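All remarks here apply to the structure that follows.
Predicted, not measured: the structure shown is a model, and the values here were computed from it.
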Amino acid sequence: MAKMKKGLIIFLLGLWLTTPKVWALEVKHTIKTKIGFWDACEETLTYAFYGDRDYDVKTSILTSGTFGVLYPFSASYHTVGTYSKFDFKPQDYYYETQSRFRHRTKEIVYQDGVPQYRISTKNEKKRKDKIETDSKYPVSVDLLSVFAGLAQRIRMKGDCDWEQYSFNGKKYAKSTVKTVKKEKIKTDYFSGKALKCRYKQEILEDTDAGFLLNPEEPIYFWVLKDEKTKVWFIAKVLIENTPFGKLEAVTTKIEVKP
């Protein structure tokens, strides 16, 4: 079960933008996830972009249903930073998790997009460590900032073809996203012609990274454009095989604030 919290990071894929050159936008997603026959978790995701300069992304996750009984777990993730075109520079990244027996927090502080130090707690024991980055990896953004860059790609280019490295303060990862095709989809909440994309994440130099899915198992997701606001949003996420069965997440509601 401890592997599940990292697998849930896939639901941060709902980061889509509109087209004006100078604008402010805030979008909130409400998402439900099922694994096998069981309800697994509920999530809210809110992202904001301001004036083609600043971004703010946060999400919260809470296990529910059978999973909530067997494995009560909650988490929140938050990043802020600046960007220009496809260059995203985080300023601060923070997350907090709570399981039945363990409480954790971690903050990474950046300077000009480069991580400087992390402050972490585990069951109220606190420590601060200087971060030493590896020069062979071209970037050191957090995972939420990776998806912010993906959102920019979709907004500017109209496809999902995106590749970027991330760093969580200890391990580097490589995210690769490819456009598969356009097709019609229908969920209980949204329908229309969607952009189908494939996402894979590779944990570099660490074959036992502890993710819910096999590194070779792709994540598929479908993005739609809201008819009223013309905002791109994720409508569905699918992993065919996990240790607990098929995983499917669907967006049940979006709220847009211009």
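Of the possible donor and acceptor atoms, one in the side chain of Thr179 sits under 3.5 Å from a partner among the backbone N and O of Cys160. Checked by atom type and distance alone, the side chain of Thr121 never pairs as donor or acceptor with a backbone atom of Glu124 at under 3.5 Å.
Residues Val80 and Phe147 are members of separate hydrophobic clusters, defined by side-chain heavy-atom contacts under 4.5 angstrom among Ile, Leu, Val, Met, Phe, Trp and Tyr. The cluster map of Ile, Leu, Val, Met, Phe, Trp and Tyr, joined by side-chain heavy atoms under 4.5 Å apart, puts Val114 and Leu143 in different clusters. Connection of Val109 to Leu144 is not established within any shared hydrophobic cluster, with ILVMFWY side chains joined at heavy-atom distances below 4.5 Å, either directly or through further cluster members. Hydrophobic clustering (ILVMFWY, side-chain heavy atoms < 4.5 Å, transitive): Ile131 and Tyr93 are in one cluster. Tyr95 and Ile119 fall into different hydrophobic clusters, defined by Ile, Leu, Val, Met, Phe, Trp and Tyr side-chain heavy atoms under 4.5 Å apart, directly or through other members.
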Self-check item: Test log, rule side-chain hydrogen bond (donor to acceptor under 3.5 Å, both in side chains), inputs Thr252 and Thr30
Solution: CA-CA 6 Å; Thr252 63; Thr30 303; 4.8 Å; no

Exercise. Before giving the answer on side chain to side chain contact (heavy atoms under 4.5 Å, CB included), spell out for Leu247 and Thr33 the whole-Å C-alpha distance, their side-chain angles and the decisive distance to 0.1 Å.
Key: CA-CA 7 Å; Leu247 184 152; Thr33 302; 4.0 Å; yes

Exercise. Verify side chain to side chain contact (heavy atoms under 4.5 Å, CB included) between Thr133 and Tyr172, making sure each step is shown before the conclusion.
Key: CA-CA 9 Å; Thr133 57; Tyr172 285 88; 3.5 Å; yes

Practice problem: Apply side chain to side chain contact (heavy atoms under 4.5 Å, CB included) to Lys196 and Lys182, showing your working. | Solution: CA-CA 6 Å; Lys196 181 180 180 180; Lys182 290 183 178 180; over 6 Å; no

Practice problem: Given side chain to side chain contact (heavy atoms under 4.5 Å, CB included), test Leu25 with Val256 step by step and report yes or no. | Solution: CA-CA 7 Å; Leu25 179 70; Val256 180; 3.6 Å; yes

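Closest approach of Phe49 and Ala148 over heavy atoms only: CZ-CB, 4.0 Å. For Thr63 against Gly68, the heavy-atom pair with the smallest separation is OG1-CA, 3.5 Å. Residues Cys197 and Val180 come closest through the heavy atom pair C-CG2, 4.0 Å. Heavy atoms only, all atoms of each residue included: Pro218 and Lys200 are closest at CA-CG, 4.1 Å. Heavy atoms only, all atoms of each residue included: Gly169 and Ile108 are closest at N-CD1, 3.8 Å. Pairing each heavy atom of Ile35 with each of Gly245, the nearest pair is CG2-O, 4.1 Å.
Side chains of His78 and Asp56: a donor on one and an acceptor on the other come within 3.5 Å. For the residue pair His29 / Glu43, no side-chain donor-acceptor distance below 3.5 Å is found, with atom types taken as modelled. Side chains of Asp142 and Ser145: a donor-acceptor N/O pair is present below 3.5 angstrom, by distance only.
Between Asp39 and Lys32, none of the side-chain N atoms (NZ, or NE/NH1/NH2) sits under 4.0 Å from a carboxylate O, so this pair counts as no salt bridge. Checked for salt-bridge contact, Asp129 and Arg127 meet the test: a charged N lies under 4.0 Å from a carboxylate O. Contact check on Lys236 versus Glu248 returns a salt bridge, with a Lys/Arg side-chain nitrogen under 4.0 Å from an Asp/Glu carboxylate oxygen.
Here Glu183 pairs with Lys181 under the salt bridge (charged side-chain N to carboxylate O under 4.0 Å, His left out) rule; sequence neighbours left out. A search for ring-ring contact (aromatic ring centres under 6.0 Å, His included) contacts involving Phe190 returns Phe233, not counting sequence neighbours.
If you take CD1 on Ile254 and CD1 on Ile31, they are separated by 11.0 Å, rounding to the nearest 0.5 Å.
No cation-pi contact links Lys58 to Tyr77, judged by a cut-off of 6.0 Å to the six-membered ring centre and 45° from its axis. Because its NZ or CZ atom is not both nearer than 6.0 Å to the ring centre of Tyr110 and within 45° of the ring axis, Lys89 does not count as a cation-pi partner of that residue.
You'll find the ring centres of Tyr165 and Tyr137 inside the 6.0 Å limit. Aromatic rings of Phe221 and Tyr199 (six-membered ring for Trp) have centroids beyond the 6.0 Å cut-off, not under it. Side-chain rings of Phe244 and Phe67 approach one another, their centers coming within less than 6.0 Å.
Within a 6.0 Å sphere centred on NZ of Lys28, other residues, nucleotides and ligands contribute 12 heavy atoms or fewer.
Val57 has its side chain within reach of Leu45: a pair of non-hydrogen atoms, C-beta onward, lies under 4.5 Å apart. Contact annotation: the side chain of Ser166 never approaches that of Asn168 to less than 4.5 Å [non-hydrogen atoms, C-beta and beyond]. Side-chain contact check for Asp161 versus Val177: every heavy-atom pair is 4.5 Å or farther apart. Within the 4.5 Å cutoff, no side-chain heavy atoms of Ser191 are placed close to those of Ile185. Between His103 and Glu96, the closest side-chain pair of non-hydrogen atoms falls below 4.5 Å. Taking the side chain as every heavy atom from C-beta outward, Cys41 and Leu62 never approach each other to under 4.5 Å. For the pair Thr105/Tyr94, a side-chain contact is recorded, criterion being any heavy-atom separation below 4.5 Å from C-beta on. The closest side-chain heavy-atom distance from Leu238 to Lys246 is below 4.5 Å.
Taking the six-membered ring where the residue is Trp, Phe73 and Tyr71 present parallel rings, their angle staying beneath 30° rather than reaching 60°.
Checking Lys130, Lys128, Glu107, Lys170 one by one against Arg118, the side-chain contact (heavy atoms from CB on, under 4.5 Å) holds for a single residue, Lys170.
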